[in-house]
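Working notes, beginning with the structure itself.
Numbers here are sequence positions counted from 1.
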Amino acid sequence: MSASAAAGATGASGIASAAAPSAAPPALTPLFVRIKLSLLRNGLKGSSKRKAAYFSTLAFALVVGFFMTLGLGLLHGNARAGTVVVLLAAILGLGWAFMPLFFPTGDETLDPSRLVMLPLRPRPLVRALLVSSLVGIGPLFTLCLAIGSVIAVARGAAGAVAAVVAVPLLLLGCVTLARAVATANVRLLTSRKGRDLALLSGLVIAVGAQLANFASQSLFEAGGLSKLEPAEAVLQWVPPATAVGMVDSVSEGAYGRAAAQLVLSVAAVAALLWSWERSLTKLMVTPDGSTIAASGKVKDRGVAGGGFWSLMPGGRTGASMQRSLRYLVRDPKTKSATVTALAIGAIVPVFNALQGTGSVYLGCFGAGMLGVQMYNQFGQDTSAFWMVAQTISNTRDAYVELRARAAALALVTVPYTVLVTAVTAALVDDWQGFPAGVGVALALLGSMLCTGALASARFPYSIPTDGAFKNVAPGQGGLAWGGIAAGMLVSALVCAPVIALAIWLNTAAHRDMSWVLLPIGVAWGWLAAWAGLRLAAPTVSRKLPEILLAVSKG
């Protein structure tokens, strides 16, 4: 009887224990913070270089953040402090929005697609990712700037209270903006095209430097910071700069405006959180490109493609032109070099025109930047050039191949040069010189196509496929720079008669005849390009094995 009672008691306890709820899972937010710290810690193990880079970056951020905070604090009481800090907050927001797109591998937690197989709901996941995103060098630096900004504009007890609210609002606005943008573009960031964006970071820095230089020169002219007041009047209503603008408004006693800015700041953070949650939900339930392709939803557009590609000529010429143009949009390094040339080629003439030192002849700068792309036509094929080499059996084949590559480059460069020269002519109000500017630029382009074809035949070099900023294989640097330098020098000599004619027409009171430079420049450029292609074709046909060996070293 006692044994039966014991068995019954044991069974009852088993049933009770089975019916009892399981242990509560750990809180998601502290878990993600620990994961983020573990990623940071484990990423520094076993690599002294990585440790040195991380801690030097941390020290640099702390030192710069400290001095910027101190400098902003010294603006306290200055009449223009509000203008400075509002613009700074807007720049911070812009940086947080776009830096993840250019450096997608900088933070592994930016890719929430790694969590799609886990039983996690989007809303708790948003909270956990948001808190873990506050751990890092970027948020620390932003916090320093936020503190310095509110110190610069906060006055009185009401200003101090507003500052306490503004600091977390500014920080949350920046971090949430970065997360929402990164999550919305996570498919792009983890694809080949997304990784190509990192190659354009140098372009962004170059363009930003030019913009900063232009802005600083304008700033130090008459008027100083007062010239930025119209921009501040607009940006103080654009989140996350509204958080700092709210503190400035409270300090000035404009409580109604401050309340509107506070509501706008909170609403912007809420809207970003909602957008982030929707992107996470979509990411967790939407198939990626591989499954869409597997399901047969991708249409077969044929080998040659349609639309624009159907306008290409037939035969070898059209195929080679299409291959070269596809390099411009698909090959990371070719695309990076081309986009950089397009941007810098437009910045120099346009900015000089805005500064009052422009000339229609500066359109030659863009033509020259793109003309350099002709100087290593076979190197951009890398080891795949052997497939092209098998189709070149004589001088005629070599000439058609070079002609098609030059035509593809001209198809982009000619309309671009005309457009940049037209914009420059409009800015400097010199439409009379527009035909002359286009003529000289096209003559220069034809000369560079001529020397570029010769350099591609005589000085080919390999472009490594690895490394975003490695454009020449080891041991070929002198060959690359020698070919480019010699080619540019010879291009100037080839184009010298047209340049001399342009100088004479502009200095000998014959400016009304400068329009003749347009047909002369077009004809000269075409003849120069034709002659260069004709001279380079026999060399390509004769030295094909050497070219193949040179471009395959990377």
Measuring only between side-chain heavy atoms, which start at C-beta, is Leu37 closer than 4.5 Å to Val135?
yes

Could you state the interatomic distance from OH (Tyr255) to CE (Met246), rounded to the nearest 0.5 Å?
13.0 Å

Got Leu264 and Pro239 here, is their nearest side-chain heavy-atom distance under 4.5 Å?
yes

Does some side-chain heavy atom of Val412 sit less than 4.5 Å from a side-chain heavy atom of Leu325?
yes

Distance col, row Ile91:CD1 vs Leu87:CG, nearest 0.5 angstrom, shows 6.5 Å

Could you list the donor-acceptor pairs under 3.5 angstrom formed by side chains in residues 62-72, with sequence neighbours left out?
{"unit_1": "Thr69", "atom_1": "OG1", "unit_2": "Gly65", "atom_2": "O", "d": "2.6"}
{"unit_1": "Thr69", "atom_1": "OG1", "unit_2": "Cys144", "atom_2": "O", "d": "2.9"}

Excluding sequence neighbours, so at least two apart, what forms side-chain hydrogen bond (donor to acceptor under 3.5 Å, both in side chains) with Thr424?
none

Is a side-chain N or O of Thr176 found less than 3.5 angstrom from the main chain of Gly173, in a donor-acceptor match?
no

Would you say Arg179 and Ser133 are linked by a side-chain donor-acceptor pair, where the criterion is simply a distance under 3.5 Å?
yes

Rounded to the nearest 0.5 angstrom, the OG1-OH distance for Thr421 and Tyr416 is 9.5 Å

Do Ile344 and Val348 come within less than 4.5 Å of each other through their side chains, counting heavy atoms only?
yes

Spacing of NE2 belonging to His76 relative to CD1 belonging to Ile151, to within rounding of 0.5 Å:
9.5 Å

From CH2 (Trp276) to CZ (Arg123), nearest 0.5 Å
13.0 Å

Qualifying side chain to side chain donor-acceptor pair (under 3.5 Å) pairs with a residue from residues 139-164, counting only residues at least two apart or across chains:
Trp96-Thr142

Under the 3.5 angstrom rule, does the side chain of Arg405 hit a backbone N or O of Met374 as a donor-acceptor pair?
no

Testing the basics here: between Ala154 and Ala163, what is the closest heavy-atom pair and its distance to 0.1 Å?
CB-CB, 4.2 Å

Kindly give the heavy-atom pair with the smallest separation between Leu171 and Pro139, and that separation in Å.
CD1-O, 3.8 Å

Can you name the nearest heavy-atom pair linking Ala410 to Pro415, along with the distance?
O-CD, 3.9 Å

Provide the closest heavy-atom pair for Ala166 versus Ala243 in the form atom of the first, atom of the second, distance.
CB-O, 3.4 Å

Name the one of Val420, Thr413, Leu370 that satisfies side-chain contact (heavy atoms from CB on, under 4.5 Å) with Leu342?
Leu370

Any donor-acceptor N or O pair under 3.5 Å, side chains Arg257, Gln261
no

Is there a side-chain contact between Leu140 and Leu58, using heavy atoms and a 4.5 Å cut-off?
yes

Could you please spell out the steps behind the side-chain contact (heavy atoms from CB on, under 4.5 Å) verdict for Leu130 and Leu273?
CA-CA 9 Å; Leu130 178 60; Leu273 289 172; 4.1 Å; yes

State, with a plain yes or no, whether a side-chain heavy atom of Leu129 is found less than 4.5 Å away from one of Leu125.
yes

When rounded to the nearest 0.5 angstrom, what is the spacing between CZ in Arg121 and OG1 in Thr281?
10.5 Å

